[in-house]
Amino acid sequence: MAFLKLVFLIFILHSFMPIPISSTPSLNKEVFAQIRPDFLDFAKKPEIMDWMVGIRRKIHENPELGYEEFETSKLIRAELDLMGIPYKYPVAVTGVVGYIGTGKPPFVALRADMDALAMEELVEWEHKSKVPGKMHACGHDAHVAMLLGAAKMLQEHRNDLQGTVVLIFQPAEEGGGGAKKMLDAGAVDNVDAIFALHVSIKFPIGVVASRPGPILAATSFFEAVINGKGGHAALPQHTVDPILAASNVIVSLQHLVSREADPLDSQVVSIGKFQGGGAFNVIPDSVTIGGTFRAFSTETFVQLKQRIEEVITKQAIVQRCNTKVIFHESSSYPVCFNNKELHEHFRKVAVEMLGVHNVVEAVANMGGEDFAFFSEVIPGLFFFLGMKNETQGPLQSGHSPYYTVNEDVFPYGAALHASLATTYLSENPPKHTSPPEGSFHDEL
């Protein structure tokens with residue numbers, strides 16, 4: 001009889017004990033099937049929305065250029081501290097890398113860029129840039145706010161994560177190659193996949209766009225000083241005219257695309273800089289030209305670079321001038337390539353959250369993004385987040401002094417970030433069953 005009482009007591013105690021959540025992927029899919037629909041609702045709460053808007057406006061008022069984002073980084077770290085999220089700092093001068101979850105594989109990364117542009121803001125509003133000659137004219141302030149919003153949701157569900165979400169707050173996207181520096185600093189060591197978004201004026205609020213394969217081009221800049229011999233314009237026979245040489249160079253460069261490139265292999269060569277001379281009747285000693293070239297394959301990109309140098313130097317020789325071509329390697333980005341499997345994952349998650357009609361195929365364009373450095377090394381997915389609202393009037397394109405962000409987009413970006421990460425972790429068990437001791441992130 002005493003034995004039966006003991007068995008009954010054990011049964012009663014066991015009934016009231018908390019049941020541990022299984023670490024099996026199947027159960028986690030069920031867990032996140034309940035969590036994911038709540039992400040968008042959570043992000044739309046007035047207190048969360050106002051918090052993200054407040055962060056974005058603080059950053060917008062104090063824009064900082066590449067590798068100068070010290071105050072932006074300080075704000076990010078303060079918010080991560082309040083949420084109890086561990087992080088590494090500094091990474092690539094001003095970058096911050098946060099960690100949410102187990103600290104063990106699988107690892108999935110979410111990236112936001114932080115830097116502003118060197119231009120004067122011409123939008124008159126309460127939170128206009130307070131720094132002369134600097135402006136957030138590409139939405140990076142919004143990207144930071146949305147990633148912090150995602151971090152808040154992920155931290156709330158940190159005990160349910162079957163792996164680790166890596167938060168990458170990156171400096172110097174605008175020509176400084178900050179992604180490459182973060183890569184070199186180990187920001188994505190052990191990371192299996194990485195996602196990033198960019199706000200877009202092309203698509204309405206609630207619509208996202210991406211595509212598998214190349215989505216943005218490999219890009220670089222070049223410059224050449226063409227040296228001749230100056231003199232009076234009335235006596236051209238006594239000069240070696242660098243303006244004429246530069247003009248021939250520019251015309252010949254356009255033939256690289258129109259006559260040498262496969263029409264089905266998209267390429268661009270554009271001259272945006274031409275400096276030389278200061279008087280109507282004087283032929284200058286030298287002319288400086290500069291431009292950009294872009295392509296959708298590494299092979300084409302390398303070939304185009306070689307031909308640009310050949311055309312400039314040899315055309316200059318034809319006109320009795322000499323020159324040297326300089327390529328700005330620090331501003332060169334590879335092709336931004338979307339992994340096919342990650343694109344399918346993105347599409348599935350976005351359709352579930354936004355509906356099939358709000359997930360569209362993006363058209364690849366010749367713009368560049370240094371997210372390409374990440375996607376060149378690990379599977380990556382870059383997508384556009386629509387923020388157009390016809391009732392609020394047209395939005396100006398990025399890099400315009402009249403650029404504005406529709407802050408109503410914030411819940412969508414934050415929720416998609418969080419959902420992409422959680423579902424990736426639940427659907428991708430660790431690749432390594434016995435990782436080397438100490439090889440993963442012990443910041444947690």
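Bear in mind the structure is a predicted one, so any value in this text is a computation, not a measurement.
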Counting only heavy atoms not in [X], do more than 12 sit closer than 6.0 Å to its [atom1] atom?
| X | atom1 | value |
| --- | --- | --- |
| K134 | NZ | yes |
| K388 | NZ | yes |
| E126 | CD | no |
| E299 | CD | no |
| K128 | NZ | yes |
| E61 | CD | yes |
| F274 | CZ | yes |

Rounded distance [0.5 Å steps], [atom1] in [X] versus [atom2] in [Y]:
| X | Y | atom1 | atom2 | value |
| --- | --- | --- | --- | --- |
| K45 | D50 | NZ | CG | 13.5 Å |
| I205 | Q392 | CD1 | CD | 7.5 Å |
| N339 | I194 | CG | CD1 | 12.5 Å |
| L65 | T94 | CG | OG1 | 11.0 Å |
| L381 | K340 | CG | NZ | 14.0 Å |
| C138 | M119 | SG | CE | 10.0 Å |

Exercise. Would you mind telling me which of F371, Y412, F346 makes a ring pair (Phe, Tyr, Trp, His ring centres under 6.0 Å) with F383?
Key: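 Only match with F383 under ring pair (Phe, Tyr, Trp, His ring centres under 6.0 Å): F346.
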For [X] and [Y], work out which heavy atoms get closest and say how close.
| X | Y | result |
| --- | --- | --- |
| F296 | A364 | CZ-CB, 3.7 Å |
| A224 | I312 | CB-CG2, 3.9 Å |
| A145 | F410 | CB-CE2, 4.3 Å |

Would you say the side-chain atoms of [X] pair up with the backbone N or O of [Y], donor to acceptor, closer than 3.5 Å?
| X | Y | result |
| --- | --- | --- |
| Y403 | L395 | no |
| H143 | G413 | no |
| R294 | M366 | yes |
| T164 | F107 | no |
| S258 | Q254 | yes |
| T323 | V225 | yes |
| Q267 | L304 | no |
| D113 | Q170 | no |
| H140 | D115 | yes |
| S375 | A372 | yes |

Check whether any side-chain heavy atom of [X] sits under 4.5 Å from a side-chain heavy atom of [Y], and report yes or no.
| X | Y | value |
| --- | --- | --- |
| Y87 | D81 | yes |
| I76 | M114 | yes |
| Q396 | I201 | no |
| L385 | M146 | yes |
| F327 | E309 | yes |
| V208 | F203 | no |
| V257 | V268 | no |
| V53 | R56 | no |

Exercise. Determine, step by step, whether L416 and L197 satisfy the side chain to side chain contact (heavy atoms under 4.5 Å, CB included) criterion, reporting the C-alpha distance in whole Å, the side-chain angles of both residues, the deciding distance to 0.1 Å, and the verdict.
Key: CA-CA 9 Å; L416 279 166; L197 62 79; 5.5 Å; no
Exercise. With sequence neighbours left out, write down each residue that passes ring-ring contact (aromatic ring centres under 6.0 Å, His included) with F221, or none if nothing qualifies.
Key: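 For F221 there are no ring-ring contact (aromatic ring centres under 6.0 Å, His included) partners, ignoring immediate neighbours.
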Practice problem: Please test I48 against M52 for side chain to side chain contact (heavy atoms under 4.5 Å, CB included), starting from the C-alpha separation and ending with a verdict. | Solution: CA-CA 6 Å; I48 303 300; M52 287 191 288; 4.1 Å; yes
Quiz item: For residues H343 and S210, is any side-chain donor paired with an opposing acceptor at under 3.5 Å?
Solution: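 Looking only at side-chain atoms, S210 and H343 do not form any donor-acceptor pair under 3.5 Å.
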Quiz item: How far apart are the C-alpha atoms of N62 and T72, what are their side-chain angles, what is the distance that settles it, and do they pass the side chain to side chain contact (heavy atoms under 4.5 Å, CB included) test?
Solution: CA-CA 8 Å; N62 299 282; T72 303; over 6 Å; no
Self-check item: Centroid-centroid under 6.0 Å between F293 and F301 rings
Solution: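 Distance test on ring centres: under 6.0 Å, yes.
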Any carboxylate oxygen within less than 4.0 angstrom of a Lys/Arg side-chain nitrogen, looking at [X] and [Y]?
| X | Y | answer |
| --- | --- | --- |
| K305 | E329 | yes |
| D370 | K181 | no |
| E71 | K58 | no |
| R347 | E344 | no |

Quiz prompt | Criterion side chain to side chain contact (heavy atoms under 4.5 Å, CB included) on L253 and I271, from CA distance to verdict | solution = CA-CA 9 Å; L253 286 174; I271 300 297; 3.7 Å; yes
Quiz item: What is the ring orientation for F195 with Y424, classed by angle as parallel under 30°, tilted 30 to 60°, or perpendicular over 60°?
Solution: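 It falls in the perpendicular class, over 60°.
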Quiz item: Cationic tip of R77 within the cone over Y89's six-membered ring, i.e. under 6.0 Å and within 45° of the normal?
Solution: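 Yes, a cation-pi geometry.
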Quiz prompt | Candidate list R158, K152, M153, H157, test side-chain contact (heavy atoms from CB on, under 4.5 Å), partner Q155, passing option | solution =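 It is R158; the other options fail the test.
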Quiz item: Could you give all pairs that pass the ring-ring contact (aromatic ring centres under 6.0 Å, His included) test and reach residues 51-78, with sequence neighbours left out?
Solution: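 Qualifying pairs, neighbours excluded: H60-W125.
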Quiz item: Which residue pairs pass the side chain to side chain donor-acceptor pair (under 3.5 Å) test when at least one of the two sits in residues 357-368, sequence neighbours left out?
Solution: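 The answer is none; no pair qualifies.
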